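Only one structure is covered here, and it is reproduced in the block below.
Bear in mind that the values here come from a model prediction, so they are computed numbers and not experimental data.
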Amino acid sequence: MMHDNPLTPALSDLMKACQKFKTTESKVLAIHLNKSPATVRTEFQRAMALMNVNSRYAALKTAEENGWLEVASKQH
């Protein structure tokens with residue numbers, strides 16, 4: 001059972017970019033997302049607050065585990 005996804009489209013894009021590029025580094029993600037590193041940092045802070053976690057990696061894992069990133073191999 002999937003939990004309701006609290007992530008905005010922008011935060012979902014950020015988490016998907018983390019998966020794709022295998023990084024949580026603001027500068028790297030900012031380039032790929034065409035945003036400033038400051039915007040990426042702010043979005044990470046929002047995502048971590050929404051998920052009640054204290055690291056970028058934990059936010060990514062939480063999003064993955066809850067199926068919020070629409071990964072190809074959906075778990076039931």
Side-chain angles (χ1 to χ4, degrees):
M1 176 86 186
M2 289 199 310
H3 297 280
D4 288 336
N5 186 348
L7 300 177
T8 64
L11 298 182
S12 291
D13 288 346
L14 176 61
M15 294 292 125
K16 289 175 187 171
C18 291
Q19 279 185 317
K20 182 176 180 182
F21 301 107
K22 295 182 170 42
T23 185
T24 58
E25 174 59 49
S26 297
K27 288 179 184 170
V28 175
L29 295 167
I31 292 165
H32 293 296
L33 294 167
N34 201 24
K35 297 178 178 180
S36 73
T39 298
V40 171
R41 281 193 295 274
T42 300
E43 289 179 349
F44 267 123
Q45 288 169 340
R46 287 180 53 215
M48 292 186 310
L50 279 170
M51 294 186 237
N52 198 26
V53 295
N54 57 14
S55 76
R56 292 175 176 199
Y57 183 72
L60 178 58
K61 291 307 292 178
T62 299
E64 288 174 343
E65 287 167 5
N66 284 297
W68 296 335
L69 304 182
E70 301 155 54
V71 286
S73 58
K74 287 197 167 67
Q75 293 172 336
H76 298 287

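Heavy-atom minimum distance, P37 versus A30: N-CB, 3.6 Å. Shown here for D13 and L33, the closest heavy-atom pair between the two residues is O-CD2, 4.1 Å. Taking every heavy atom of both residues into account, T24 and C18 meet most closely at CG2-SG, 4.1 Å. For K16 against L69, the heavy-atom pair with the smallest separation is CE-O, 3.5 Å. Between W68 and N5, the shortest heavy-atom distance links the atoms O-ND2, 3.3 Å. In plain terms, the two heavy atoms of M48 and N54 that are nearest each other are SD-C, 4.1 Å.
Summarising the geometry, atom OG1 belonging to T23 is positioned 8.5 Å from atom NE2 belonging to H32; distances are rounded to the nearest 0.5 Å. Separating the CZ atom in R56 from the CD atom in E25 is a distance of 7.0 Å, to the nearest 0.5 Å. The CG atom of L14 sits 11.0 Å away from the OG1 atom of T42 when rounded to the nearest 0.5 Å. Residue E43 holds its CD atom at 11.5 Å from CG of L50, rounded to the nearest 0.5 Å. Here the CG atom belonging to L7 is positioned 9.5 Å from the CZ atom belonging to R46, to the nearest 0.5 angstrom.
Note on K61 versus E64: salt bridge recorded, some NZ/NE/NH1/NH2 to OD/OE distance being below 4.0 Å.
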